[in-house]
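Notes follow once the structure below has been shown.
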Amino acid sequence: MGALERFEKSVERMMNNAFAKVGRNSELKPVELASRLRREIDDRAAVVGRDRTVVPNEFTIELSTPDFSQIDAWGAETLADELATNLTEYAVSQHYAFVGPVSVSFEEHEDLAGGRFQLRSATVRGNVAPATSAAPSTRHPLIDIDGQRYLLTGPVTVIGRDAEADIVVDDPGVSRRHLEIRVTPEGVVATDLGSTNGLFVEGHQVPAATLLDGNTLTIGRTRIMFWTGSSAGQPTEDW
């Protein structure tokens, strides 16, 4: 089974077969959106250094009024998350790099005919980006949270349960804004933001700590692994 087929099956499962019952009667197919997103990053891939190809990370899909209503009925947020996940997996397979979080959104466009859509994309730097390599970048440290890996692409990353945090952790033992990780020329510093249950580094509760390669951080029941590239904290090019 190919990646796009797996994506379609995943959408069917997540929507309790809404796509299976409704989607096949619609002119617009979610798998077509996934294919178009993949072509977009292929077309806009930019080589910015040795072994580094940057692709867009923010996408807006313009839909006709009937299709926009159909997407809303399927569950727009759920479908957008599935599309972003599928696109991230494709970027991993192609060794592409993101400079910010991957997001997909939908907009209504009254002039479009049913079944037709348009796509806009942009490369927008954020504080974190999905890691498309198992190794830390020479430019950015890498953290692993329950198997999800992120590059710290900005100077400050906030982790917590708050929807506005840079990395949202679904753990009742984690405060809304629990932890800050700051990348500086002198090193990477983790700081407890006044959380209820504290920050533990290598099993020791600390208000703040300068992180070393391979350190383990714990917040609530969530374990965070930290690795740093050889140039972490040093000035980088615009990308």
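Everything numeric in this text was worked out from a predicted model, so none of it was measured. Both backbone and side-chain heavy atoms feed into the values below; hydrogens, waters and symmetry mates do not.
Put simply, the side chain of I143 reaches to within 4.5 Å of the side chain of I159, judged on heavy atoms.
When hydrophobic clusters are built by joining Ile, Leu, Val, Met, Phe, Trp and Tyr residues whose side-chain heavy atoms come closer than 4.5 Å, directly or via intermediates, L217 is grouped together with I145. V158 and F226 are assigned to two separate hydrophobic clusters, defined by single-linkage of ILVMFWY side chains at heavy-atom distances under 4.5 Å. L193 and V189 end up in different hydrophobic clusters when Ile, Leu, Val, Met, Phe, Trp and Tyr side chains are linked at under 4.5 Å.
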Would you check, one step at a time, whether the test side chain to side chain contact (heavy atoms under 4.5 Å, CB included) holds for N197 with I219?
-> CA-CA 7 Å; N197 293 320; I219 54 175; over 6 Å; no

Any chance you could lay out the side chain to side chain contact (heavy atoms under 4.5 Å, CB included) test for F59 and I41, step after step, and finish with the verdict?
-> CA-CA 10 Å; F59 305 87; I41 65 172; 3.6 Å; yes

Kindly determine whether L152 and D166 satisfy side chain to side chain contact (heavy atoms under 4.5 Å, CB included), including the steps that lead there.
-> CA-CA 10 Å; L152 306 183; D166 297 305; over 6 Å; no

Step-by-step side chain to side chain contact (heavy atoms under 4.5 Å, CB included) determination, E82 to V104 = CA-CA 9 Å; E82 280 292 296; V104 177; over 6 Å; no

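A side-chain hydrogen bond (donor to acceptor under 3.5 Å, both in side chains) with Y96 is found for one member of D42, N57, T53 and no other, namely D42. When each of T157, N127, L179 is paired with I167, the side-chain contact (heavy atoms from CB on, under 4.5 Å) condition holds for T157 and for no other.
Taking each heavy atom of R52 and A97 in turn, the nearest pair found is NH1-CB, 3.9 Å.
Shown here are the salt bridge (charged side-chain N to carboxylate O under 4.0 Å, His left out) partners of D146, two or more places apart in sequence or in another chain: there are none. R161 is linked by a side-chain hydrogen bond (donor to acceptor under 3.5 Å, both in side chains) to nothing, counting only residues two or more places apart in sequence or in another chain. In this view, E108 and T65 satisfy the side-chain hydrogen bond (donor to acceptor under 3.5 Å, both in side chains) rule, not counting sequence neighbours. In this structure Q148 satisfies the side-chain contact (heavy atoms from CB on, under 4.5 Å) test together with Y150, sequence neighbours excluded. In this structure, the salt bridge (charged side-chain N to carboxylate O under 4.0 Å, His left out) partners of E107, at least two apart in sequence or on a different chain, are R120. Residues satisfying the side-chain contact (heavy atoms from CB on, under 4.5 Å) criterion with T88, sequence neighbours excluded, are F98, V102, P130. With sequence neighbours excluded, no residue satisfies side-chain hydrogen bond (donor to acceptor under 3.5 Å, both in side chains) with S133. Looking at residues two or more places apart in sequence or on another chain, you find a side-chain contact (heavy atoms from CB on, under 4.5 Å) between E58 and S103, V124. Scored by the side-chain contact (heavy atoms from CB on, under 4.5 Å) test, R36 finds R39, E40, F117, L119 as partners (sequence neighbours excluded). A search for side-chain hydrogen bond (donor to acceptor under 3.5 Å, both in side chains) contacts involving N215 returns E202, not counting sequence neighbours. D81 is linked by a salt bridge (charged side-chain N to carboxylate O under 4.0 Å, His left out) to nothing, counting only residues two or more places apart in sequence or in another chain. Here R44 pairs with nothing under the salt bridge (charged side-chain N to carboxylate O under 4.0 Å, His left out) rule; sequence neighbours left out.
Surrounding CG of D43 are more than 12 heavy atoms belonging to other residues, nucleotides or ligands, all under 6.0 Å away. Counting heavy atoms of neighbouring residues, nucleotides and ligands inside a 6.0 Å radius, atom CD of Q94 exceeds 12 of them.
Atoms OG and CG, from S175 and L199 in turn, are 11.5 Å apart once rounded to the nearest 0.5 Å. In this structure, NE2 in H204 is found 11.5 Å from OG1 in T218, a value given to the nearest 0.5 Å. Between the CD1 atom of I61 and the CG atom of L33 there is a distance of 4.5 Å, given to the nearest 0.5 Å.
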